[in-house]
Amino acid sequence: MHTSKPLSLFQHVLTKKIPSLLKSNSDKSSALSLEDTIKLLKFSADTRDFKLGRTIHAHLITSSSNVQLNVIQTNSLIHFYVKCDEISLARKLFDQMPERNVVSWSSIMAGYFHNGFALEVLNLFKSLNFGGFLCPNEYIFATVLSSCSDLRAIKEGVQCHSYVLKTGLLFHSYVKNALLHMYTRCLDMEGALRVFKSVPGSDILTYNSIINGFVENGYLSEALEVLIQMVNEYVVWDHVTYVTVLGLCAHLKDIKLGSQVHGQILKAGSESDEFVGSALIDMYGKCGKTIYARNAFDELHDRNVVLWTAIMATYSQNGCFEEALNLFPEMVLEGVQPNEYSYAVMLNSCAGLSAMRHGDMLNGHALKSGFKNYMIVANALINMYSKSGSVDHANQVFSNMIYRDTVTWNSMISGYSHHGLGREALSVFYRMLVAAEVPNYVTFVGVLSACAHLGLVDEGFYYLNQLMKDMRIEPGVEHYTCIIGLLGRAGRLSEAENFMNSRSVRWDVVAWRTLLSACHVHRNISLGKQVAENILKLDPNDVGTYILLSNMYAKARRWDGVVSIRKLMRGREIKKEPGVSWIQVKNITHVFVSEDKNHKDSIQIYDKLADILGQIKHLGYVPDIASVVHDVEDEQKEEYLSFHSEKLAIAFGLLNTPSEAPIHVIKNLRMCHDCHTAVKLISMVAQRKIIVRDANRFHCFQSGTCTCGDYW
DNA sequence: GTCCGCGGGA
């Protein structure tokens with residue numbers, strides 16, 4: 001900003017000289033001196049005062065006896081036009097200059113750089129005659145190297161590196177920092193580190209740049225190392241340092257370090273800076289501290305769209321989807337308009353809730369406001385539709401997209417996979433390869449799980465051992481878990497077990513549970529027991545394992561086993577979560593707990609259920625009363641089964657939705673075997689598509705079959 | 001005398 005001294009000078013010029021200038025330009029005594037015009041032009045440039053600058057320009061043309069302006073005047077004019085984003089006017093002046101000095105070149109190049117035309121900077125640089133008078137200086141290289149950063153032009157950047165090394169320009173801090181930044185943007189952290197270590201004189205910008213580069217490229221321990229060095233050298237931090245270091249804390253999930261930085265921020269009085277504020281919210285959010293994030297948000301008074309989106313993202317990332325969604329109207333009420341990021345966060349919150357109606361509404365909003373064209377919004381829409389059960393709608397969004405990135409393709413592939421539509425998932429994957437989009441780690445999780453659904457064992461191993469290797473993607477525990485699922489589904493349980501024993505992978509609960517599921521489906525009790533023991537060693541409170549184990553015994557009619565598991569659970573004070581299902585009808589979410597008679601339409605729902613269960617009995621449905629372990633009469637056992645929450649929700653859906661509409665139900669636990677059989681038949685009798693999202697996957701029931709192929 | 005570098009939300 002300006003100091004008070006030049007301001008008073010300009011005030012003098014503005015009040016005394018400009019009025020007289022505008023009155024008459026024949027009065028020589030009131031004409032501006034050369035120094036004054038240049039100072040005025042700088043003032044116009046700094047304040048982006050286009051009108052004032054234009055006036056000075058006009059004055060220069062009319063008052064000058066010479067038609068040509070001198071180089072310095074023209075340079076000042078170029079700089080002024082550049083600062084007012086009038087790059088073509090600046091270029092016109094530049095082209096008309098009979099002779100140019102190095103400042104003329106650096107001014108026009110900086111102009112192009114700041115207006116986003118980095119390529120034009122490199123073109124100008126190439127046309128600059130090195131051999132002649134003009135010798136590029138530190139200004140030129142700072143701008144050229146920044147343009148290389150924008151373009152990720154590492155080759156040109158390295159050429160500049162050798163030139164500035166030879167000429168000694170590298171020892172200008174501007175050049176050094178621009179070069180270092182170039183390497184970090186081109187993802188060459190070794191190059192950045194070489195510059196950092198070999199060129200003396202690191203300032204706060206150097207530290208900010210290198211730490212930020214390390215964080216963005218995932219080298220967290222290296223970033224921490226530089227941070228420690230910076231602290232030891234007593235470098236004074238600025239706002240950017242706070243933002244950068246908070247980003248590091250967020251990635252490390254290091255709440256202790258983050259709190260210390262927060263303390264420094266408060267001491268420095270920087271807490272009201274919007275960049276610092278959003279970084280604070282993000283840090284607390286990533287560390288799982290939603291309340292601290294909310295406090296930081298509430299402390300701020302000028303809350304822009306970024307801050308609102310940051311706090312919504314915090315809630316969403318921590319599973320508080322409703323809180324995230326509820327902030328939206330609050331934000332709009334405060335006069336802040338959402339942008340593409342806000343829509344993405346909101347849609348992902350809808351995905352978490354399977355709230356398709358809400359998501360539909362946001363889709364409409366995004367369409368009207370033009371944000372649907374943003375890739376992140378479209379990607380979030382695909383995710384929302386497939387996670388709330390309508391993979392067809394997801395595909396519609398996908399098909400209408402003109403540009404797609406890796407996330408787009410991945411979302412569609414894993415969307416189909418979650419729905420058990422392996423063929424469709426693989427077909428999208430092949431189209432991705434044809435479109436020359438490069439698959440990544442996530443892509444193959446979707447592809448391998450599609451193979452698992454289709455039982456394509458050989459193909460699965462081909463993708464894992466061959467294609468991923470060719471594409472230099474290191475397989476992780478998620479991929480290996482898909483392989484376990486693949487072998488398990490094919491009934492090759494001992495191979496799956498051997499696979500787990502032969503790989504030195506840190507197997508997690510998800511992997512073991514996959515094997516346990518396979519044991520459950522294929523009724524391999526001895527292996528299942530062993531696997532369950534492994535899981536309970538990792539997490540003795542894993543309720544899902546107890547339930548799966550007990551279901552496995554039930555399926556095999558081993559009631560002694562069921563009783564022993566129940567006893568074990570009681571002993572360890574582990575409670576089975578009650579089954580809850582919910583369904584959205586006309587923007588209202590109706591929640592059903594098993595044996596629940598609290599709904600206001602309870603009587604009609606039970607009537608409908610009795611009716612439809614009667615119908616499917618004609619088709620051969622026999623309630624699996626043996627699976628009910630309560631010690632009661634058979635008649636009552638049948639009642640227990642018919643009151644399972646998903647059956648209640650489906651009956652409600654049949655009563656309250658149009659006859660063609662698919663019924664979407666979400667359940668907190670896995671579907672039980674009896675419900676699965678019943679719903680298959682209901683889909684036939686009622687001629688409805690019924691989609692159930694359970695704790696594990698999607699089941700899409702239609703005409704008597706389910707997309708899970710009875711394997712879950 | 002005139003020109004130059006680092007940062008936030010999915």
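First the proteins, then the strands, lettered A, B, ... as listed; each starts at 1.
Among the heavy atoms of the strands lying under 4.0 Å from A:S107 are primed sugar atoms or P, OP1, OP2 only; no base atom is included. Counting non-hydrogen atoms under 4.0 angstrom, A:F113 reaches the backbone sugars and phosphates but no base. Across all strands, A:T143 comes closer than 4.0 Å only to sugar-phosphate atoms, never to a base (heavy-atom distances). Across all strands, A:S173 comes closer than 4.0 Å to base atoms (heavy-atom distances). Contacts of A:V240 with the nucleic acid, taken as non-hydrogen atoms under 4.0 Å apart, include base atoms. The residue A:V103 sits close to a base: some heavy atom pair falls under 4.0 Å. Across all strands, A:N339 comes closer than 4.0 Å to base atoms (heavy-atom distances). Contact annotation for A:A279: no contact, since no heavy-atom pair falls under 4.0 Å across all strands. Note on A:N304: a base of the nucleic acid sits closer than 4.0 angstrom, heavy atoms only. Across all strands shown, A:V305 has heavy atoms under 4.0 Å from base atoms, whether or not it also approaches the sugar-phosphate.
Between the CG atom of A:N400 and the NZ atom of A:K372 there is a distance of 6.5 Å, given to the nearest 0.5 Å. Atom OG in A:S146 sits 10.5 Å away from atom CG in A:L179 (nearest 0.5 Å). Between atom CD of residue A:E120 and atom CZ of residue A:R91 there is a gap of 5.0 Å, rounded to the nearest 0.5 Å. A:L381 contributes atom CG, which lies 14.0 Å from atom CZ of A:F398 (distance to the nearest 0.5 angstrom).
Within a heavy-atom distance below 4.0 Å of DNA chain B, the residues of residues 201-211 of chain A found are A:D203, A:L205, A:N208. Within residues 174-194 of chain A, the residues having any heavy atom under 4.0 Å from DNA chain B are, by residue number, A:Y174, A:N177, A:H181. Listed by residue number, the members of residues 308-334 of chain A with any heavy atom below 4.0 angstrom from DNA chain B are A:A313, A:Q317.
Between A:F328 and A:M331, the closest side-chain pair of non-hydrogen atoms falls below 4.5 Å.
Around atom CD of A:E334, more than 12 heavy atoms belonging to other residues, nucleotides or ligands sit under 6.0 Å away. No more than 12 heavy-atom neighbours from other residues, nucleotides or ligands sit within 6.0 angstrom of CG on A:D302.
Protein chain A contacts DNA chain B from B:dG1 to B:dA10, reading 5' to 3' and using non-hydrogen atoms of the protein with a distance under 4.0 Å.
The side chain to side chain contact (heavy atoms under 4.5 Å, CB included) search around A:Y174 returns A:A142, not counting sequence neighbours. Under the side chain to side chain contact (heavy atoms under 4.5 Å, CB included) criterion, A:Q229 pairs with A:F196, A:Y207, A:E233, sequence neighbours left out.
Partner of A:F125 under the ring-ring contact (aromatic ring centres under 6.0 Å, His included) criterion, chosen from A:F141, A:F113, A:W105: A:F141.
There is no side-chain donor-acceptor pair under 3.5 Å between A:N348 and A:S316.
Under the 30°/60° scheme for interplanar angles, the aromatic rings of A:F80 and A:F50 are found to lie parallel.
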